[in-house]
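Values below: all heavy atoms of this structure, side chains included; hydrogens, waters and symmetry mates excluded. Given the structure is predicted, the values throughout are model-derived calculations rather than measurements. In what follows, every chain begins at residue 1, and chains take the letters A, B, ... in the order their sequences are listed.
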Amino acid sequence: MRYLLTLTLILLSAISFHSCQSNSSTPSNSGIQVLDASGTLVSLPVVAEKVICLFEPILDELYMLGMGKKVQGIPLEILSDADYYQYYAKLDQRIFDKTIATPGTESSPNVEKIVSLKPDLVILESNQTKIADRLRAINIPVYLCISQEYENIIHELKDIALLTGAKARADSLIMKVEKELNYINENKNHTKEPKRAYFTWAYGKIFSTIGQNGMMNTCLKLAGVKNVCNDPMYRVDITPERLISWNPDLIITWNDSASKFYSRSEFQSINAIKNRSVHNLLPMFFFNPHNIKAICTALRINGIAYGNLLSANGRIHDFLQFIYGEKLANNGLIN
Amino acid sequence: MGYKISWFYLSCVVVPVVMMVLALSIGPAGQEDGISLWTWIKYMLEGQEPNSKNISIFTNILLNIRLPRVLLAFLVGASLAVSGTVLQSIFRNPLVDSYMLGISSGAAFGVSLAIVFFWPLYLLAFIWGLISVALTYLVGYVRHGSMIAIVLSGMLISGLFTALLSVVQFISNPYKLQAIIQWTVGNLNNASWLELKQAYLPIILSLLITYLFSWRLNAISLGDEAVKAVGGNPIRDKIIFILCSSIMTASSVAAVGIIGMFGLLVPHIVRMLFGADNRRLVLGSLCFGGAFLILIDICSRAWLQFEIPVGIITILLGVPFFIYLIKSKQLNWQ
């Protein structure tokens, strides 16, 4: 009997110990868990309050989500590069004053500086896996982003919103994006044959274009135009005579002046030149294809291609007002 | 000897002309319409106006795209090869190339500034290329000193400008960074009459001066005493040659970017083919360097659907050919 009682007590103890173990894992289950671009599970017990973001497209989205105040560290190039600084300075007084921490650049994060800032969450570009491993080894959660396709952008916006406690705002941003996509879809349905577009990369690389991969190609598709370059590569260098043989209906430059094409006599036979249909995506900040502002890019290209640029510009203005808020828009960010 | 020299001069004319014709006839345009350089020439010789739309487009491509590109490729190839030859002879060092005086890194730094601050790219590349040469001389000049000091100084100034370029790259956004990197691998796809107009005068003038005085290189390569023995002024002669080399290299780099190893490989190849006499070496480098860059450019645009930067093809084609020559002949450096 004594033996049976002892056995029962041991069994009960084992069961209660197991129950205790099960209970101890509950907090992590009730925390926040998301999968990043590398397939790593990122877990936070509560929403992050101190965030270091060294990936510009996501930094931009943190301000769209209204989480700018949680940002404790940004890439150095945001302060050093005028193309970024002039806009981010209007989003955050600390950036304007250049008092915010800059623990490295997008391509070269500084681990020591990151650790010294004691962040709850670090956001890095997907190829920074070694830095991410080092930070994770000392229990600093790292979320890696890729932002190369539309699905990545939406997925990462949702994840970042969950990790920073801005789910409701993310939902409203995504609804707005879908509304604009529907508008573009309705607009392109009226046309029989899609216009053929040639895209050029920034800073004078007018013979460097996008193939059938990457977010800018997605923007062309979303806009209802056909990319003249069928190559599967991401970035393609071409000869000028290939451009003539492609004979695109419109040419979209990233930030170069249309005169780079108009001034070249050899291009006068190209439809886009004959029809004066060379346009740029300036200011570049508003047409970043690696976050939800890809919608602005698609809207603008759609407007250029199908003759409703005025209406497209109005929608882009409204979209930017929505994502950054009326206050910022009135602060001179957009105009 | 006379027979050998005639073959040399004949090949100096024939090889570049053949390459030019080949380059003019190769390209994606006209293939679908069945138009080639030959049918185009036939049209022109028969006195027919290019009234058909396809012929008029092909004429435009031939005269405004392929022709300036071929001419620019020839000039750039010739200047890089000649400057490499001249500098190897002056410094009596087979490891020297046209970028030895820091021109490429100085020009690359100038280009990075031009891209970041939207300044004129050609001008900045040219000016910073020459600034780096001037600095190399200021740092390396030692009265009655060895030319090794200049070579070392060139390496130091190159390192300095490479570091400065890295600083600009470090603080630039990814799009500017891509533009800077693309420029540093050398590309001829932006060649037009405008680029040719900017580059041709300094290149042709400095090539002409170098060729006219090339006989003096033979004395210089034997040492200062040899120059004095034939009544020359070694310092003045070296300054003229180095100035010409710097101007032609800076103009080339500003026009098409950095084409690595070209100024090292071609002089050696020409030396192995035609001997070490600088009179023939300079002319050979001019003609074969130009022709070789045209060949490389043909490969860069005709090999695949997209263009591969000429700087990459130079290494891919030049190195195996150079190895073959080393194995089959002797390096002509005694």
### Closest heavy-atom pair and its distance - B/Ser172, A/Glu77
O-CB, 4.2 Å
### Message
Please classify the contact between B/Phe170 and chain A as side chain, backbone, both or neither, with a heavy-atom cut-off of under 4.5 Å.
### Response
both
### Task
Go through A/Met284, A/Arg235, A/Glu56 and name the one with the most non-hydrogen pairs under 4.5 angstrom from chain B.
A/Arg235
### Summary
Looking only at heavy atoms, the pair that brings A/Phe267 and B/Ile65 closest together is CE2-CD1, 4.4 Å
### Task
Check each atom of A/Ile238 against the heavy atoms of chain B and say whether the ones under 4.5 Å are side chain, backbone, both or neither.
backbone
### Message
When you compare the side chain of A/Arg242 with that of B/Glu307, does any pair of heavy atoms fall below 4.5 Å?
### Response
no
### Min side-chain heavy-atom separation B/Arg66-A/Thr239 under 4.5 Å
no
### Message
For a 4.5 angstrom cut-off between non-hydrogen side-chain atoms, does B/Gln178 reach A/Ser208?
### Response
no
### Task
Calculate, to the nearest 0.5 Å, the distance between atoms CG and NZ belonging to B/Asn190 and A/Lys205 respectively.
12.0 Å
### Query
A/Leu79 versus chain B, heavy atoms under 4.5 Å apart: side chain, backbone, both or neither?
neither
### Query
At a heavy-atom separation under 4.5 Å, does A/Tyr84 approach chain B through its side chain, its backbone, both, or neither?
side chain
### Task
Would you mind reporting whether A/Ile244 and B/Ile61 have side-chain heavy atoms less than 4.5 Å apart?
yes
### Task
Determine whether A/Asp237 and B/Gln182 make a side-chain contact, defined as any pair of heavy atoms from C-beta on separated by less than 4.5 Å.
yes
### Query
Would you say A/Tyr234 has more than 12 foreign heavy atoms packed within less than 6.0 Å of its OH?
yes
## Note on the structure
When the 4.5 angstrom heavy-atom criterion is applied to A/Thr209 and chain B, the contacting part is neither
### Message
If I take atom OG from residue A/Ser108 and atom CD from residue B/Gln169, how far apart are they, to the nearest 0.5 angstrom?
### Response
12.5 Å
### Query
Under a 4.5 Å heavy-atom cutoff, which of A/Val236, A/Ile206, A/Leu76, A/Asp83 has the most pairs with chain B?
A/Asp83
### Message
Is it true that, when you exclude A/Tyr85 itself, more than 12 heavy atoms of the residues, nucleotides or ligands shown sit nearer than 6.0 Å to its OH?
### Response
yes
### Task
Compare every heavy atom of A/Ala202 with every heavy atom of B/Ala179, then report the nearest pair and how far apart it is.
CB-O, 4.4 Å
### Task
Check whether any side-chain N or O of B/Asn60 sits under 3.5 Å from a backbone N or O of A/Glu266 as a donor-acceptor pair, and report yes or no.
yes
### Summary
All heavy atoms of B/Asn189 vs all of A/Pro240, minimum pair found to be O-CG, 3.4 Å
### Task
Working to the nearest 0.5 Å, report the span between CG of B/Leu62 and CD of A/Glu241.
9.0 Å
#### Entry: Residues from residues 252-263 of chain A approaching chain B under 4.5 Å (heavy atoms)
A/Trp254, A/Asn255
### Query
Got a sec: does the CZ of A/Arg196 have more than 12 other heavy atoms crowding it under 6.0 Å?
yes
### Query
Where on B/Ala114 is there a heavy atom nearer than 4.5 Å to chain A: the side chain, the backbone, both, or neither?
neither
